[in-house]
Chemist: 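Would you mind keeping the following structure in view while I ask a few things?
From a predicted model like this one, the values you see are computed outputs, not experimental measurements.
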Amino acid sequence: MKAKYIFVTGGVVSGLGKGITCASLGRLLKARGFKVVIQKFDPYINIDPGTMNPYQHGEVFVTDDGGETDLDIGHYERFINENLTKHNNTTSGKIYWEVLNKERKGKYLGETIQVIPHITDAIKEKILLAGKKNVDVVINEIGGTVGDMESLPFIEAIRQIGTEFKREDILYIHLTLIPYLPKSNEMKTKPTQHSVKELLSLGIRPDIIICRTEKNISGNIKDKIALFCNVEKKCIIENIDCDCLYEVPILMEKENLGNIVCEKLNLKYEKIDLDDWKSYVFGQNRIVDEIEIGLIGKYVKLHDSYLSVVEALNHAGVENNIKIKIRWIDSEILEIDDYEKILNGLCGIIVPGGFGTRGVDGKINAIKFAREKKIPFLGICLGMQCAVIEFARNVAKISDANSSEFEIDCKNPVVDIMSSQKSINEKGGTMRLGDYTCVLEKNSFAYKIYGEQDLIHERHRHRLEFNNLYREKLIHAGLKISGMSEDKERVEIIELDENQHPFFVGVQFHPEFKSRPNKPHPLFKCFVKKSCELNELEWRKKNGK
């Protein structure tokens, strides 16, 4: 079957949740048996989000093939349960870079390079390429807000595609905001009307309008939007705020979105299977008991900076029948003397990835607290490196142990830059990125966690690593190396023996990127389980049981 193309645009304001909308629609189409791929087109000039500050753009999501992508790619993977690639996230910077490189190589035979047709043709090429890979539906999220100058080439490109395909092969969805004015108790449609008018002026008539709202939309409101925006009433879809983002597909199914899309695209299906998805969502809603996990980071003011970690914790929480309450702790605060008071009462501690020296001593203090108090600890990437430093300083008695990232002239760099990168000064494109194989030590805790697999595959994003010059000394002091790269050159997993600590594990990779709602990552699953056991133990002590 020839691929169908769906284009999702946004209007009125940014941050309405186009990514979740695309992911939810992808879930609904997969539930009907269709092969779906989702891709995002971002209007910013950066080549990719890899060097962007997490406070501006949230986390960087890494794909199997080493792509540093927008966090929405993570939503796509979790909702449709497909491993995507670096080609599923395209920026204006990437498009212009490719076009200019072709121009420098003479590929355009001396033509004057213009936005139309050269930039728009490059965008169309990216869109249509996804449809050639044995898929039924390609969902395309167009980043930014309609009316923004930087989004115009993408809007023009999808307009052109609409003229080149049959109408039943193309679908335009526009996501808008219906604001509620509490003083007058009114919901306002005018912003949606103006947004659709702007889209019409650019040559695109939306087939479906999805309305983000904090209150239910009445039939009268839908009538008004349908009339003024020239869209069928049944195609005005309510997208109401909800606490659990995984509930969005279920709410949109109630709004009949999946059936409408299939009708518009002439997609035939026999049944809908959302049972597993509903089981996860409603199972999460039924959970009463909770545990508190400390997330120690330097970007905690923007929770999206650690989005995949949070989602992986929630997946594991449902699996263990427990709600996860996260205590967001700025690692800089833990650099003061009474850090133990701040960390008191936690059932588990996670130190996620990051870069730079700010707040590192606070992370090391948190790890020391977790190790000494026997609180379950999971260190991810930088979190593992900090665990190595803490162990070297306080157990192996290498008092000046550090990372060469934090101290250039460090005398004892137990964490050092990868040897293959020592001569490279650029920040972009110099890391170990993507999926790599890890060999597990059979007599290890990690081997048990992963279900006694010899080999595992995990995604990486790092520039520094465990310094092998200190391997024997740290092993002699009690640190266990339970995972290595296939060539035995890179340390992938460190741990403490189960007899010493209930759960003390550091990994150089990012397990959070592979966690799924109905298939939590084994590391997070076990971490949460051990944290639950500590919570139960503390409860028994308090209640004299």
Side-chain angles (χ1 to χ4, degrees), residues 6-32 36 38 40 71-72 75-76 78-80 137 139-146 171-182 186-196 198-199 204 206-226 228-229 231-264 272 274 277-278 281-282 284-285 304 307 517:
I6 299 173
F7 300 103
V8 180
T9 56
V12 184
V13 296
S14 61
L16 288 179
K18 289 195 300 296
I20 297 298
T21 299
C22 290
S24 298
L25 177 55
R27 181 74 257 169
L28 296 181
L29 291 173
K30 280 208 71 174
R32 288 164 167 79
V36 180
I38 314 178
K40 182 172 186 183
L71 59 79
D72 277 329
H75 287 314
Y76 303 162
R78 287 186 285 270
F79 274 66
I80 66 175
V137 183
I139 301 174
N140 303 273
E141 177 188 350
I142 308 301
T145 305
V146 168
L171 187 74
Y172 296 107
I173 297 177
H174 192 51
L175 180 63
T176 70
L177 176 69
I178 304 293
Y180 169 69
L181 303 181
E186 290 181 296
M187 301 183 78
K188 292 296 183 181
T189 66
K190 193 65 72 177
T192 293
Q193 294 175 43
H194 281 297
S195 184
V196 172
E198 179 74 29
L199 194 58
I204 294 175
D207 300 287
I208 297 171
I209 297 176
I210 297 179
C211 303
R212 181 70 183 269
T213 174
E214 62 180 289
K215 289 184 175 292
N216 293 111
I217 300 174
S218 67
N220 290 337
I221 292 291
K222 288 189 175 184
D223 285 333
K224 191 173 183 181
I225 296 172
F228 283 99
C229 296
V231 175
E232 295 175 88
K233 181 180 178 181
K234 70 177 183 179
C235 296
I236 310 300
I237 306 296
E238 176 186 281
N239 183 10
I240 196 165
D241 295 349
C242 59
D243 294 330
C244 173
L245 58 88
Y246 298 108
E247 194 174 352
V248 176
I250 298 172
L251 295 174
M252 287 191 169
E253 181 65 17
K254 288 180 180 178
E255 286 285 296
N256 211 31
L257 176 63
N259 289 336
I260 293 169
V261 167
C262 289
E263 176 190 322
K264 295 282 184 182
I272 304 170
L274 277 171
W277 198 262
K278 289 179 179 179
V281 172
F282 298 140
Q284 181 170 320
N285 292 341
D304 275 358
L307 180 62

Chemist: As an exercise, state the distance from CG of Leu177 to OG1 of Thr189, rounded to the nearest 0.5 Å.
Modeler: 11.5 Å
Chemist: Main chain of Tyr246, side chain of Trp277: is a donor-acceptor contact present, judged purely on distance under 3.5 Å?
Modeler: yes
Chemist: Give the table of side-chain donor-acceptor pairs shorter than 3.5 Å for residues 214-221, with sequence neighbours excluded, one pair per line with atom names and distance.
Modeler:
unit_1	atom_1	unit_2	atom_2	d
Asn216	ND2	Glu238	OE1	3.4
Asn216	ND2	Glu238	OE2	2.9
Ser218	OG	Ile221	N	3.3

Chemist: Find out whether Leu28 and Leu274 are in side-chain contact, i.e. whether some heavy atom of one side chain is under 4.5 Å from a heavy atom of the other.
Modeler: yes
Chemist: Once rounded to the nearest 0.5 Å, what's the spacing between atom SG of Cys211 and atom CD1 of Ile225?
Modeler: 4.0 Å
Chemist: Salt bridge (Lys or Arg N to Asp or Glu O under 4.0 Å): which pairs involve residues 240-252, sequence neighbours left out?
Modeler: Arg212-Asp241
Chemist: Taking only residues two or more places apart in sequence, or in another chain, which ones meet Lys264 in a side chain to side chain contact (heavy atoms under 4.5 Å, CB included)?
Modeler: Leu171, Glu232, Cys235, Ile260
Chemist: Asn259: what forms a side chain to side chain contact (heavy atoms under 4.5 Å, CB included) with it, not counting sequence neighbours?
Modeler: Arg32, Asn256, Tyr269, Ile272
Chemist: Working to the nearest 0.5 Å, report the span between OH of Tyr76 and CG of Leu71.
Modeler: 9.5 Å
Chemist: So, the side chain of Lys233 versus the backbone of Ala226: is there a donor-acceptor pair under 3.5 Å, distance only?
Modeler: no
Chemist: Indicate yes or no: at least one non-hydrogen side-chain atom of Val36 is less than 4.5 angstrom from one of Phe79.
Modeler: no
Chemist: Could you tabulate the donor-acceptor pairs under 3.5 Å formed by side-chain atoms of residues 6-22, not counting sequence neighbours?
Modeler:
unit_1	atom_1	unit_2	atom_2	d
Thr9	OG1	Ile173	O	3.4
Thr9	OG1	His174	ND1	2.7
Lys18	NZ	Gly144	O	3.2
Thr21	OG1	Gly17	O	2.9

Chemist: Would you indicate whether the side-chain heavy atoms of Lys224 and Gln193 approach each other to under 4.5 Å?
Modeler: yes
Chemist: If you round to the nearest 0.5 Å, how far is CG of Leu257 from OG of Ser24?
Modeler: 9.0 Å
Chemist: Quick check: do Pro191 and Thr176 have side-chain heavy atoms less than 4.5 Å from each other?
Modeler: no
Chemist: Excluding sequence neighbours, so at least two apart, what forms side chain to side chain contact (heavy atoms under 4.5 Å, CB included) with Phe282?
Modeler: Ile250, Lys278, Asn285, Arg286
Chemist: Look up atom OG1 in Thr213 and atom CD1 in Ile240, then write down how far apart they are to the nearest 0.5 Å.
Modeler: 5.5 Å
